[in-house]
Peer 1: 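I am attaching a structure below and will ask some questions about it afterwards.
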There are 2 protein chains.
Amino acid sequence: MVTVYEEIFHWEDYLKFGTRQFFRKKEHIYKQGEYGEGFYYLHKGLVRIVTETATGKENMLNIVIPNQLLGVQSLDQKTHFTTAIAVKDSVVYHFSADEFRKLMIAHPELFKLFSKSVIHKMKILLDRINLNALTSEQKLAVLLHNICDEFKNYEIPISQQDLACCTGLTRITVYKVLKEWQEAGIIEINKRKYFIKKPDFLRNLVS
Amino acid sequence: MVTVYEEIFHWEDYLKFGTRQFFRKKEHIYKQGEYGEGFYYLHKGLVRIVTETATGKENMLNIVIPNQLLGVQSLDQKTHFTTAIAVKDSVVYHFSADEFRKLMIAHPELFKLFSKSVIHKMKILLDRINLNALTSEQKLAVLLHNICDEFKNYEIPISQQDLACCTGLTRITVYKVLKEWQEAGIIEINKRKYFIKKPDFLRNLVS
DNA sequence: AAAAAAACGTTAAATAGGCTACAGTTGCGA
DNA sequence: TCGCAACTGTAGCCTATTTAACGTTTTTTT
């Protein structure tokens with residue numbers, strides 16, 4: 001399940017110490033298994049983080065929105081254990097481990113910022129784990145609800161296929177649930193775009 | 001799924017700056033939802049980390065072995081989003097956020113140690129997520145295999161019930177798989193103790 | 001603009017794993 | 001050492017999902 005988490009971390013003042021990089025839509029920022037050195041800060045755009053399981057299935061972990069970090073896993077020169085793909089054209093800042101360490105000595109308050117960001121990441125992963133206890137309908141409800149929160153309106157700009165990938169369900173299951181909701185008037189399907197008419201229904205499904 | 005991860009982080013030199021605390025078997029070190037302030041280092045003993053899902057089901061996340069951190073989530077004064085329970089009598093050191101921040105200014109190399117430990121935690125969570133893509137047989141295989149690795153022999157000192165809890169399966173499913181394996185001569189069941197006879201079979205199930 | 005590649009809609013069949021139930025064991029605690 | 005509580009063995013039913021299959025529509029590429 002992908003959750004789009006929104007919490008602002010004020011990295012702006014430190015961006016000048018990172019290296020600015022551009023990535024086009026669908027480009028890989030880093031790949032699972034590759035060596036990394038440092039981490040990235042997403043300035044503009046949208047990035048999705050996926051992981052490949054032992055059986056070769058792709059699994060979306062979360063969507064990174066601007067002002068968040070990504071790729072922290074390889075701060076200490078380990079290989080990445082996830083893959084990051086730009087969903088839209090994106091601007092990121094890269095901080096190498098060494099640079100960042102030096103930077104932190106000069107600005108100790110950076111530690112708080114860093115740890116906050118990382119803990120936030122952990123929270124996301126945990127939520128992702130807890131999702132597995134839910135029914136498929138609930139999984140979808142949580143996902144759609146989060147997406148709406150993020151995009152600030154009730155139109156879902158994500159394909160059925162991606163919804164399947166995000167929740168770990170099959171496309172058929174996603175399709176079935178969506179169809180059911182449509183018949184019940186909870187969502188509207190138009191030209192393969194989904195529009196949520198009764199957000200409260202989704203909310204109630206979970207809590 | 002619980003994975004017992006073993007990787008040594010050298011915190012010994014800094015323990016004197018923490019507060020030593022003792023916990024008896026089955027005692028809670030911290031609880032989900034409680035406020036925390038800082039983090040813990042497990043010096044001796046064994047701790048299991050569980051989380052309660054929205055539906056009230058308990059979910060074991062991982063087992064913490066000595067030399068690892070726990071409770072990092074509340075470093076920045078947030079509530080804990082997991083619960084830590086001592087499996088054996090345990091000795092932990094608590095570091096308050098403030099203390100640790102000061103400590104890190106004096107010893108910048110601590111940052112590397114801290115980030116390594118945290119990244120390691122993230123890796124564990126990720127593995128946990130990836131498990132959900134597996135069949136119940138595979139989940140159990142991974143779990144048993146990890147436990148063997150950890151305890152360095154082929155006897156499983158964990159109850160069927162706990163195996164169920166670790167994998168998120170029902171006890172009945174665990175029982176069924178175990179019985180099947182027994183009939184196939186892959187494991188031996190004796191007085192409710194499980195002994196793995198063909199570890200390679202388990203390994204092949206996953207990779 | 002045509003061709004190729006994704007994505008979607010829908011159905012039917014197969015099945016894995018969950019839930020219920022209950023009796024038999026084991027072992028802790030008083 | 002008695003009794004309760006927690007754990008295990010087993011059966012059977014049930015349903016939510018998965019898989020397979022296939023035609024249609026949309027999007028991307030050349």
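Chain identifiers are assigned alphabetically (A, B, ...) following the order of the sequence lines, protein sequences preceding nucleic acid strands; residue numbering begins at 1 within each chain. Values below: every heavy atom of this structure, side chains too, minus hydrogens, waters and symmetry copies.
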Peer 1: From CD1 of B:Ile189 over to P of D:dC7, roughly how many Å is that when rounded to an integer?
Peer 2: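 B:Ile189 atom CD1 is separated from D:dC7 atom P by 17 Å.
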Peer 1: With DNA chain D as reference, determine whether A:Thr135 or A:Lys26 sits nearer its 5' end, using the nearest nucleotide of each.
Peer 2: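 Closer to the 5' end of DNA chain D: A:Thr135.
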Peer 1: Under 4.0 Å: is that the gap between some side-chain N or O of B:Gln160 and OP1 or OP2 of D:dG9?
Peer 2: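 Yes.
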Peer 1: Send over the distance from B:Trp181 CH2 to D:dG9 C1', rounded to a whole Å.
Peer 2: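 Between C1' of D:dG9 and CH2 of B:Trp181: 18 Å.
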Peer 1: Pick the closest DNA chain D nucleotide for A:Lys193 and for A:Leu169 by heavy atoms, then say which residue is nearer the 5' end.
Peer 2: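 Whichever sits nearer the 5' end wins; that is A:Leu169.
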Peer 1: What nucleic acid atoms does B:Ser136 come within less than 4.0 Å of, heavy atoms only: base, sugar-phosphate, or nothing?
Peer 2: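 It contacts sugar-phosphate atoms only.
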Peer 1: Whole angstrom is fine here: how far is it from CD in A:Glu180 over to C1' in C:dT10?
Peer 2: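 In whole Å, C:dT10 C1' and A:Glu180 CD are 15 Å from each other.
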Peer 1: Measure the CE-CZ distance between A:Met60 and A:Arg128 for me, rounded to the nearest 0.5 Å.
Peer 2: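 With rounding to 0.5 Å, CE (A:Met60) is 9.5 Å from CZ (A:Arg128).
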Peer 1: Other residues, nucleotides and ligands only: do more than 12 of their heavy atoms fall within 6.0 Å of CZ on A:Arg203?
Peer 2: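 For A:Arg203, atom CZ is crowded (more than 12 foreign heavy atoms under 6.0 Å).
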Peer 1: Are A:Phe95 and A:Tyr14 an aromatic pair by the rule of ring centers under 6.0 Å?
Peer 2: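 No: the rings miss the under 6.0 Å criterion.
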Peer 1: Taking atom C1' of D:dT10 as reference, at what distance in whole Å does atom NZ of B:Lys179 sit?
Peer 2: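 Atom-to-atom, B:Lys179 to D:dT10, this comes out as 7 Å.
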Peer 1: Summarise protein proximity over nucleotides 21-30 of chain C in one line of letters, 5' to 3': B for base, S for sugar-phosphate only, - for none, counting protein heavy atoms closer than 4.0 Å.
Peer 2: ---BBS----
Peer 1: Which nucleotide in the list C:dT10, D:dT10, C:dG18 gets nearest to the side chain of B:Tyr175?
Peer 2: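 Output: D:dT10.
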Peer 1: Taking the six-membered ring for Trp, are the ring centroids of A:Phe17 and A:Phe100 within less than 6.0 Å of each other?
Peer 2: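 Centroid distance A:Phe17-A:Phe100: not below 6.0 Å, so no.
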Peer 1: Please report the end-to-end axis angle for the helix from C:dA1-D:dT30 to C:dA30-D:dT1, five pairs per end, rounded to 10 degrees.
Peer 2: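 The angle, to the nearest 10 degrees, is 70°.
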Peer 1: Measure the CG-NZ distance between B:Leu126 and A:Lys121 for me, rounded to the nearest 0.5 Å.
Peer 2: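 Nearest 0.5 Å value for the CG-NZ distance: 11.5 Å.
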Peer 1: Between D:dT8 atom P and B:Leu178 atom CG, what is the distance in whole Å?
Peer 2: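 The answer, rounded to whole Å, is 10 Å.
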Peer 1: Answer yes or no: does a side-chain N or O of A:Thr170 lie under 4.0 Å from OP1 or OP2 of D:dT18?
Peer 2: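 Yes, within the criterion.
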Peer 1: With rounding to the nearest 0.5 Å, note down the distance linking CG in A:Leu70 to CG in A:Leu42.
Peer 2: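 Reported value, rounded in 0.5 Å steps: 6.5 Å.
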Peer 1: If I take atom CG in residue A:Leu163 and atom C1' in nucleotide C:dG9, what distance separates them, rounded to the nearest angstrom?
Peer 2: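 Spelled out: CG on A:Leu163 to C1' on C:dG9 is 15 Å.
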Peer 1: Applying the side-chain hydrogen bond (donor to acceptor under 3.5 Å, both in side chains) test to B:His80, which of B:Gln32, B:Lys31, B:Gln73, B:Glu34 qualifies?
Peer 2: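 Result for side-chain hydrogen bond (donor to acceptor under 3.5 Å, both in side chains) with B:His80: B:Gln73.
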Peer 1: If you take all heavy atoms of B:Glu99 and B:His94, which pair is closest and at what distance?
Peer 2: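 Heavy atoms only, the tightest pair is OE1-O, 4.4 Å.
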Peer 1: Tell me if a side-chain donor or acceptor on A:Thr173 pairs with a main-chain N or O of A:Leu169 at a distance below 3.5 Å.
Peer 2: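 Answer holds: no.
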Peer 1: In this structure, how many angstroms lie between the P atom of C:dC8 and the CD1 atom of A:Ile158, rounded?
Peer 2: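 In whole Å, C:dC8 P and A:Ile158 CD1 are 12 Å from each other.
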Peer 1: Can you check the B:Leu140 CG to C:dA16 C1' distance for me, whole Å?
Peer 2: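 Going from CG in B:Leu140 over to C1' in C:dA16 covers 14 Å.
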Peer 1: How is B:Lys176 classified with respect to the nucleic acid when contacts are heavy atoms under 4.0 Å: base, sugar-phosphate, or nothing?
Peer 2: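 Base: the residue B:Lys176, judged by heavy atoms under 4.0 Å, touches a nucleobase.
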Peer 1: Does B:Thr173 place a side-chain N or O at less than 4.0 Å from the phosphate oxygens OP1/OP2 of C:dG18?
Peer 2: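 For C:dG18, OP1 or OP2 has a side-chain N or O of B:Thr173 closer than 4.0 Å.
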Peer 1: Does A:Gln161 put a side-chain nitrogen or oxygen below 4.0 Å from OP1 or OP2 of C:dC8?
Peer 2: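 Yes.
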Peer 1: Does B:Tyr194 form a side chain to side chain donor-acceptor pair (under 3.5 Å) with B:Gln160? I'd like the steps, not just the answer.
Peer 2: CA-CA 9 Å; B:Tyr194 307 95; B:Gln160 209 179 85; 3.0 Å; yes
Peer 1: Within the structure, does a side-chain N or O atom of A:Ser159 lie under 4.0 Å from either OP1 or OP2 of C:dA7?
Peer 2: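 No.
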